[in-house]
Student: 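Starting off with a structure, shown below.
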Amino acid sequence: MCTDNITRRGFLVGCSAGIAGLAGSRFNTLAFAGDGVHNQETLVVVFLRGGIDGLNFMPPIAGSDRGHYETARPGLQVPNSGAGAALGLDAQFGMHPSAAPLHELYQDGKLALVHATGMPTESTRSHFDAMDYIELGTPGIKGTSSGWLTRHLQSATNLPDEIIMPSLAVGSLQQVSQLGNYETINLTDPGNFRFDSGAWRWRDAQRTALRRLYQGGSTNIHLAGTQALDAVDIIELNGGGNYTPSNGAVYPAGSFGENLQVVAQMIKLNLGLRVATVDLGGWDTHEGQGDGSGGYFAGLVGELSQGLAALYTDLDSGGADNPVNKMTVVGHSEFGRRFGENGDGGSDHGYGNVMMVLGGETNGGLYGSWPGLAPGQLFEGMDLAVTTDFRQVLSELLIRRMGNNQIGTIFPGYLGYSPMGLVQGTDLPPDYSGGLSSLFSDDFESGGPSSWTIVNGG
């Protein structure tokens with residue numbers, strides 16, 4: 001019998017050997033951190049690596065901008081009528097026909113699209129710099145040791161003291177947005193996330209020995225080791241085997257669909273998951289992008305749309321405790337593509353782009369200020385301009401859905417938050433304290449690092 005003081009983590013730590021011995025049984029409900037008092041939202045960040053072509057994902061379908069678009073993209077343009085035509089969003093914009101599953105969610109009011117987003121204070125055409133700036137949450141500065149999701153979890157005051165799985169990175173690598181978070185669990189296949197060291201009688205003894213080792217200290221390594229063992233115990237008993245999605249959801253074949261399925265599975269286990277990250281790469285379409293409604297780009301758009309629609313369907317159980325109403329997905333990329341197509345049937349690195357927000361509490365529709373595509377309206381005469389700071393979108397999700405208003409800590413130096421109405425939730429006044437001076441005092445005092453310039457590169 002376990003005689004340790006019972007806490008969320010203490011239950012698992014003190015009784016781990018007993019849990020390990022229940023290999024043939026399962027928990028019916030794992031309600032750790034599900035007390036109804038703390039914020040129980042899950043934010044899923046989907047990073048579209050390589051620079052998705054937002055102008056073909058959500059092209060203009062009417063007006064003078066349609067003419068500019070057709071002139072700049074004679075081969076890449078998405079048709080606005082006939083076979084392969086864009087799916088209408090409103091009188092001015094459409095959606096790529098391969099995004100039909102997401103278009104249905106848009107029509108149901110569950111998908112918000114924000115055009116002309118990006119980094120208005122910093123432009124770079126380097127994938128690596130742009131991804132770092134966005135995932136660190138500090139455009140122009142790469143010297144911080146933590147990502148914006150890490151600072152969110154560290155600054156949130158509405159979370160339980162102990163959570164089995166607060167942060168999940170699905171795939172082989174942890175996103176830079178989770179940099180510095182020792183509680184992030186990397187997971188690809190729940191069936192293989194186990195303590196695999198011989199027969200159960202040996203595993204039991206080794207688990208107990210490792211518990212004692214990690215309980216012997218309070219460093220980040222000790223705490224991370226304990227949390228990893230907690231997660232292994234639970235997932236090994238409840239997350240393995242064949243997973244059957246709910247409501248007839250069908251995930252696309254491949255790693256992206258599999259990774260989103262893991263997110264759904266972990267949310268259903270009710271382990272207190274607060275943030276999860278998933279990547280979908282391959283968007284660097286310098287050549288062979290395909291015509292506007294077919295080809296390589298269309299295939300990627302289809303994979304993205306099918307995956308996100310399956311995740312939504314899988315979690316949409318209905319009722320007062322519908323999991324989809326506690327999940328918000330944000331999809332974004334490091335930058336957009338050049339307005340004009342190149343000579344290789346593709347598009348080069350650009351600037352402004354599209355962000356998408358999906359969830360049960362999302363206010364579907366089009367958002368942002370459209371800058372136009374006339375030659376004089378393009379950034380540097382080449383790219384879609386940025387009119388919405390990507391941090392404005394993320395800040396609204398943090399405040400309204402996650403209940404965290406510590407914007408100065410999460411996005412130091414950003415002072416421009418104003419809710420756009422993307423999601424339901426309570427508006428809290430943004431707290432801008434903390435800021436750049438606390439994290440980057442040397443750079444801040446000298447007026448910022450020398451990298452606050454436009455960088456061209458791969």
Student: Between the side chain of E334 and the main-chain N/O of F47, is any donor-acceptor distance below 3.5 Å?
Tutor: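 The answer is no, because no donor-acceptor pair under 3.5 Å joins these two groups.
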Student: Distance check, rounded to the nearest 0.5 Å: Y106 atom OH versus L89 atom CG?
Tutor: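 One finds 5.0 Å between OH of Y106 and CG of L89.
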Student: Looking at A385 and A116, what are the two nearest heavy atoms and their distance?
Tutor: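 Between these two residues, the closest heavy atoms are O-CB, 3.5 Å.
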Student: Work out which heavy atom in P139 is nearest to a heavy atom in R391; give both atom names and the distance.
Tutor: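 Nearest pair, atom of P139 first, then R391: CD-NH1, 3.3 Å.
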Student: Where is the tightest heavy-atom contact between R274 and M402, given as atom of each residue plus distance?
Tutor: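 Nearest pair, atom of R274 first, then M402: O-CE, 3.5 Å.
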Student: Once rounded to the nearest 0.5 Å, what's the spacing between atom OG of S167 and atom CD of Q175?
Tutor: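 If we round to the nearest 0.5 Å, S167:OG and Q175:CD are 9.5 Å apart.
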Student: Is there a donor-acceptor pair closer than 3.5 Å between any side-chain N or O of S155 and the backbone N or O of Q406?
Tutor: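 Side chain of S155 to backbone of Q406, a donor-acceptor pair under 3.5 Å: no, none is there.
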Student: If you draw a 6.0 Å radius around CG in D321, do more than 12 non-hydrogen atoms from other residues or ligands fall strictly inside?
Tutor: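 No.
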Student: Tell me, do V262 and P190 make a side-chain contact under 4.5 Å, heavy atoms counted?
Tutor: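 The answer is yes, as the side chains (C-beta and beyond) meet within the 4.5 Å cut-off.
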Student: Could you grab the distance from atom OG of S177 to atom CG of L136, nearest 0.5 Å is fine?
Tutor: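 Here the interatomic distance stands at 9.0 Å.
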Student: Taking all non-hydrogen atoms of both residues, which atom of L394 and which atom of F411 are closest, and how far apart?
Tutor: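 Taking L394 first and F411 second, the nearest heavy atoms are CB-CZ, 3.7 Å.
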Student: Could you check whether any side-chain heavy atom of L168 comes within less than 4.5 Å of a side-chain heavy atom of L187, counting everything from C-beta outward?
Tutor: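 With C-beta onward as the side chain, the pair touches.
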Student: In Å, rounded to the nearest 0.5 Å, how long is the span from CG of L422 to CD of E361?
Tutor: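 With rounding to 0.5 Å, CG (L422) is 13.5 Å from CD (E361).
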Student: Quick check: does any side chain N or O of S333 sit under 3.5 Å from a backbone N or O of G51, one acting as donor and the other as acceptor?
Tutor: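 Yes: the side chain of S333 pairs with the backbone of G51.
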Student: Which heavy atom in H38 sits nearest to a heavy atom in N158, and how many Å separate them?
Tutor: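 The pair with the smallest heavy-atom distance is CB-O, 3.2 Å.
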Student: For H115 and F93, take the angle between the two ring planes, folded into 0 to 90°, and tell me which bin it lands in: parallel under 30, tilted 30 to 60, perpendicular over 60.
Tutor: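 Tilted.
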Student: Relative to the ring of F390, is the ring of H332 parallel (under 30°), tilted (30 to 60°) or perpendicular (over 60°)?
Tutor: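 Tilted, since the angle between the ring planes falls between 30° and 60°.
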Student: Do F256 and L260 have side chains that get closer than 4.5 Å, going by heavy atoms?
Tutor: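 Touching, per the 4.5 Å side-chain cut-off.
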Student: Carefully, step by step, assess Y251 and D314 under the rule side-chain hydrogen bond (donor to acceptor under 3.5 Å, both in side chains).
Tutor: CA-CA 9 Å; Y251 290 89; D314 194 358; 2.7 Å; yes
Student: Does E396 reach the main-chain N or O of V423 with its side chain, forming a donor-acceptor pair under 3.5 Å?
Tutor: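 Checking the backbone N and O of V423 against the side chain of E396, a donor-acceptor pair under 3.5 Å is found.
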Student: Does a side chain donor of either D108 or Y312 reach within less than 3.5 Å of an acceptor in the other side chain?
Tutor: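 No, no side-chain donor-acceptor pair sits under 3.5 Å.
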Student: Show, in sequence, the C-alpha distance, side-chain angles and deciding distance for R337 and D284, and conclude whether the salt bridge (Lys or Arg N to Asp or Glu O under 4.0 Å) test is met.
Tutor: CA-CA 9 Å; R337 311 302 297 183; D284 196 19; 3.1 Å; yes
Student: Keeping N39 on the side-chain end and R401 on the backbone end, is there a donor-acceptor pair under 3.5 Å?
Tutor: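 Side chain of N39 to backbone of R401, a donor-acceptor pair under 3.5 Å: yes, one is there.
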Student: H152 versus L43: any side-chain heavy-atom pair under 4.5 Å?
Tutor: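 Counting from C-beta outward, H152 and L43 never come under 4.5 Å.
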Student: Side chains of V393 and M420, heavy atoms from C-beta outward: is any pair under 4.5 Å?
Tutor: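 Answer yes - side chains close enough.
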Student: Can you say whether the rings of F335 and H127 are parallel (under 30°), tilted (30 to 60°) or perpendicular (over 60°)?
Tutor: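 Plane angle between 30° and 60°, so tilted.
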Student: Can you tell if the side chain of I399 reaches within under 4.5 Å of the side chain of P419, non-hydrogen atoms only?
Tutor: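 Side-chain contact under 4.5 Å: no.
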Student: Could you tell me whether the side chain of Y351 and the main chain of M119 form a donor-acceptor pair under 3.5 Å?
Tutor: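 Pair found, side chain donor or acceptor close to backbone of M119.
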Student: Could you tell me whether the side chain of T150 and the main chain of L179 form a donor-acceptor pair under 3.5 Å?
Tutor: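 Yes.
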Student: Distance from S146 atom OG to Q154 atom CD, nearest 0.5 Å?
Tutor: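 Between atom OG of S146 and atom CD of Q154 there are 6.0 Å.
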Student: Answer yes or no: is there a side-chain heavy-atom contact under 4.5 Å between T138 and P412?
Tutor: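 They are in contact (side-chain heavy atoms under 4.5 Å apart), so the answer is yes.
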Student: Using only atom types and a distance under 3.5 Å, with no angle test, would you say the side chain of N353 pairs donor to acceptor with the backbone of G54?
Tutor: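 Pair found, side chain donor or acceptor close to backbone of G54.
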Student: Looking at E41 and R400, is there a salt bridge between them, counting it only when a charged N and a carboxylate O are closer than 4.0 Å?
Tutor: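 The answer is no: the pair does not qualify as a salt bridge.
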Student: Between H103 and H96, is the side-chain hydrogen bond (donor to acceptor under 3.5 Å, both in side chains) condition met? List the steps.
Tutor: CA-CA 9 Å; H103 186 257; H96 195 286; over 6 Å; no
Student: So does P245 get a backbone contact from the side chain of Y243, meaning a donor-acceptor N/O pair under 3.5 Å?
Tutor: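 Not at all, since once roles are kept as given, no pair shorter than 3.5 Å links the two residues.
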Student: So, N247 side chain and D316 main chain: donor-acceptor pair closer than 3.5 Å or not?
Tutor: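 Flag set: sc N247 to bb D316 pair under 3.5 Å.
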Student: How close do Q392 and S418 get, heavy atom to heavy atom, and via which atoms?
Tutor: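 Smallest interatomic distance, heavy atoms only, reads NE2-O, 2.8 Å.
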